[in-house]
**Q** 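Encoded as structure tokens, here's the structure I'll be asking about.
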Amino acid sequence: MSEIDPCQLYLLSPPQIESAEDFAVTLDSVFSSGDVACFQLRLKEASEDHLIQVANAIRPVCISHDVAFILNDSAELAKQVDADGVHLGQSDGSVEEARTLLGYDKSIGVTCHDSRHLAFEAGDKGADYVAFGTFFDSPTKASDYRPELDILTGWDEATEIPSVAIGGITVDNCQQLAKAGAHFVAVSSGVWSYPEGPEAAVKAFNAQLKADL
Ligand SMILES: Cc1ncc(COP(=O)(O)OP(=O)(O)O)c(N)n1
Ligand SMILES: Cc1ncsc1CCOP(=O)(O)O
Ligand SMILES: [Mg+2]
């Protein structure tokens with residue numbers, strides 16, 4: 001990654017959202033507090049109706065702040081809610097099917113755990129970014145995968161495809177991922193559970209990521 005291209009914040013939603021309208025107001029305030037490159041709606045336990053309701057409420061907020069709106073897990077739903085892209089895990093369907101459904105204007109990200117092999121495979125199939133993790137203990141999702149930081153460095157040197165680091169990322173540990181070559185840090189609890197609130201978290205992440213590394 002070049003010096004003029006700092007690591008950016010990729011925000012994941014909190015695991016639950018009660019009111020779509022209230023969350024849209026919160027998200028507007030969070031986006032106003034500092035740069036966020038992407039926002040992923042990740043509600044593993046929500047009904048499809050609720051997911052669609054939340055997606056419809058937050059999509060205009062993402063558009064007005066120029067934040068890419070990514071839906072987790074389902075290319076079909078991403079198409080239905082006109083998201084800017086989809087994030088696919090290893091069991092969430094193929095990149096090729098998602099591409100056929102969404103076209104080339106939309107982004108497709110793929111979970112690659114701790115595996116360069118999975119990442120090269122995803123890249124060959126046309127993924128727009130690959131995600132490595134879990135780098136640190138995550139309160140949001142348990143994982144047996146624990147990549148070393150150097151997977152980010154090796155990936156950055158080997159390809160032009162952006163990498164996303166995920167898992168237990170906080171204001172205090174994000175710089176090491178940026179230094180190692182991550183293009184994005186994907187964060188949920190590090191923002192939503194930040195003691196001073198999510199707006200302060202976004203400011204603090206930006207300060208860390210934009211500092212001279
Ligand atoms: C940016 C990003 N990276 C990884 C994941 C994890 O996706 P997956 O492995 O499908 O697990 P779930 O998030 O669906 O529980 C992600 N969502 N986003
Ligand atoms: C979805 C996902 N995949 C690996 S860790 C994780 C959760 C990220 O949330 P947090 O930033 O709270 O660890
Ligand atoms: Mg998934």
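Whatever order the structure lists ligands and atoms in, that order sets their numbers, starting from 1. Side chains included, hydrogens not; waters and symmetry mates left out as well; all remaining heavy atoms used.
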**Q** Assess whether side-chain contact (heavy atoms from CB on, under 4.5 Å) is satisfied between Gln90 and Leu118, documenting all intermediate values.
**A** CA-CA 9 Å; Gln90 289 295 318; Leu118 288 179; 3.7 Å; yes

**Q** Give the atoms of ligand 2, by number and element, whose distance to some non-hydrogen atom of Lys141 is under 4.0 Å.
**A**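 Selected atoms, number and element: 1 (C), 2 (C), 3 (N), 6 (C), 7 (C).
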
**Q** Would you tell me which option among Ser193, Ala186, Ser138 has the nearest heavy-atom contact to atom 13 (O) of ligand 2?
**A**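 Minimum heavy-atom distance to atom 13 (O) of ligand 2 goes to Ser138.
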
**Q** Considering only NZ, NE, NH1 and NH2 on the basic side and carboxylate oxygens on the acidic side, decide whether Arg42 and Asp73 come within less than 4.0 Å.
**A**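 Looking at Arg42 and Asp73, the cut-off is not met.
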
**Q** Against His87, only a single residue in Phe184, Phe39, Tyr129 fulfils ring pair (Phe, Tyr, Trp, His ring centres under 6.0 Å); can you say which?
**A**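 For His87, the ring pair (Phe, Tyr, Trp, His ring centres under 6.0 Å) check succeeds only for Tyr129.
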
**Q** Please name the atom of Asp73, limited to N, O or S, that comes nearest to the Mg ion (ligand 3).
**A**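 So the atom name we want here is OD1.
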
**Q** Using distance alone, with no hydrogens and no angle criterion, decide if His183 and Asp156 have a side-chain donor and acceptor under 3.5 Å apart.
**A**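 The answer is yes; a qualifying pair exists.
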
**Q** Checking the N or O distance criterion of under 3.5 Å, is ligand 2 in contact with Pro139?
**A**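 For ligand 2, there is no N or O atom that lies under 3.5 Å from one belonging to Pro139.
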
**Q** Can you sort out which atoms of ligand 2 are near Gly167, meaning under 4.0 Å from one of its heavy atoms?
**A**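 The atoms of ligand 2 under 4.0 Å from a heavy atom of Gly167 are 5 (S), 13 (O).
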
**Q** What do you reckon, does Tyr10 have a nitrogen or oxygen under 3.5 Å from a nitrogen or oxygen of ligand 1?
**A**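 No: no nitrogen or oxygen of Tyr10 is under 3.5 Å from one in ligand 1.
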
**Q** Using 30° and 60° as the class limits, which term best fits the ring planes of Trp192 and Phe23: parallel, tilted or perpendicular?
**A**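 Judged by the thresholds at 30° and 60°, the geometry between Trp192 and Phe23 is tilted.
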
**Q** What are the atoms of ligand 2, with element, lying closer than 4.0 Å to any heavy atom of Val187?
**A**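 Matching atoms, with element in brackets: 11 (O).
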
**Q** Taking the non-hydrogen atoms of Gly168, is any one of them nearer than 4.0 angstrom to ligand 2?
**A**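 The answer is yes, since Gly168 has a heavy atom less than 4.0 Å from ligand 2.
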
**Q** Show which atoms of ligand 2 fall inside a sub-4.0 Å distance from at least one heavy-atom site of Arg42.
**A**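 In order of numbering, the contacting atoms are 1 (C).
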
**Q** Please report the shortest heavy-atom distance between Ile108 and Val95, naming the atom on each side.
**A**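 The answer is CD1-O, 3.9 Å.
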
**Q** Check the surroundings of atom CD in Glu196: do more than 12 heavy atoms from other residues, nucleotides or ligands lie under 6.0 Å from it?
**A**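 Correct, the count exceeds 12.
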
**Q** Measure from NZ or CZ of Arg146 to the centre of the six-membered ring of Phe135 and say whether it is under 6.0 Å with the direction within 45° of the ring axis.
**A**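 No, a cation-pi geometry is absent between Arg146 and Phe135.
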
**Q** For atom 13 (O) of ligand 1, which protein heavy atom lies nearest, and how many Å away is it?
**A**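 For atom 13 (O) of ligand 1, the nearest protein heavy atom is Arg42 NE, 2.7 Å.
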
**Q** Checking contacts here: is it the side chain or the backbone of Lys141 that comes within 4.0 Å of ligand 1, counting heavy atoms only? Could be both or neither.
**A**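 Answer for Lys141: side chain.
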
**Q** Do other residues, nucleotides or ligands put more than 12 heavy atoms under 6.0 Å from the CD atom of Glu96?
**A**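 Yes - once you tally the heavy atoms of other residues, nucleotides and ligands closer than 6.0 Å, there are more than 12.
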
**Q** Would you say ligand 1 has an N or O under 3.5 Å from any N or O of Asp73?
**A**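 Yes, there is a polar N/O contact under 3.5 Å.
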
**Q** Identify, by atom number and element, the atoms of ligand 1 in contact range of Thr111, meaning under 4.0 Å from any of its heavy atoms.
**A**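 Atoms satisfying the 4.0 Å criterion: 4 (C), 5 (C), 6 (C), 7 (O), 8 (P), 9 (O).
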
**Q** Show the atoms of ligand 1 that are less than 4.0 angstrom away from any heavy atom in Gly89.
**A**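 Those atoms are 8 (P), 9 (O), 10 (O).
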
**Q** I'd like to know if Asp128 pairs up with Lys106 as an ion pair, taking the criterion as any Lys NZ or Arg NE/NH1/NH2 lying under 4.0 Å from an Asp or Glu carboxylate oxygen.
**A**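 Looking at Asp128 and Lys106, the cut-off is not met.
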
**Q** What residue and heavy atom of the protein are closest to atom 8 (C) of ligand 2, and at what distance?
**A**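 Ranking protein heavy atoms by distance from atom 8 (C) of ligand 2, first comes Ile166 CG1, 3.8 Å.
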
**Q** Which one of Gln40, Lys44, His87, Gln90 has a non-hydrogen atom at the shortest distance from atom 5 (C) of ligand 1?
**A**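 The residue whose heavy atom sits nearest atom 5 (C) of ligand 1 is His87.
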
**Q** Looking at atom 12 (O) of ligand 2, what's its closest protein heavy atom, distance included?
**A**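 Looking at atom 12 (O) of ligand 2, the protein heavy atom closest to it is Thr140 OG1, 2.4 Å.
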
**Q** Going by the angle between their ring planes, with limits at 30° and 60°, are Phe120 and Trp155 parallel, tilted or perpendicular?
**A**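 The rings of Phe120 and Trp155 sit tilted, inter-plane angle from 30° to 60°.
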
**Q** Short list, please: which atoms of ligand 2 are under 4.0 Å from a heavy atom of Thr134?
**A**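 So the answer, numbered in order with elements, is 4 (C), 5 (S).
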
**Q** Tell me which protein heavy atom sits closest to atom 11 (O) of ligand 2, plus the residue, atom name and distance to 0.1 Å.
**A**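 That would be Ser188 N, 2.9 Å.
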
**Q** Using modelled atom types only, decide if a donor and an acceptor are shared between the side chain of Asn173 and the backbone of Thr170 within a distance under 3.5 Å.
**A**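 Yes: the side chain of Asn173 pairs with the backbone of Thr170.
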
**Q** Return the name of the atom in Asp92, of element N, O or S, nearest to the Mg ion (ligand 3).
**A**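 Relative to the Mg ion (ligand 3), the closest nitrogen, oxygen or sulfur of Asp92 carries the name OD2.
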
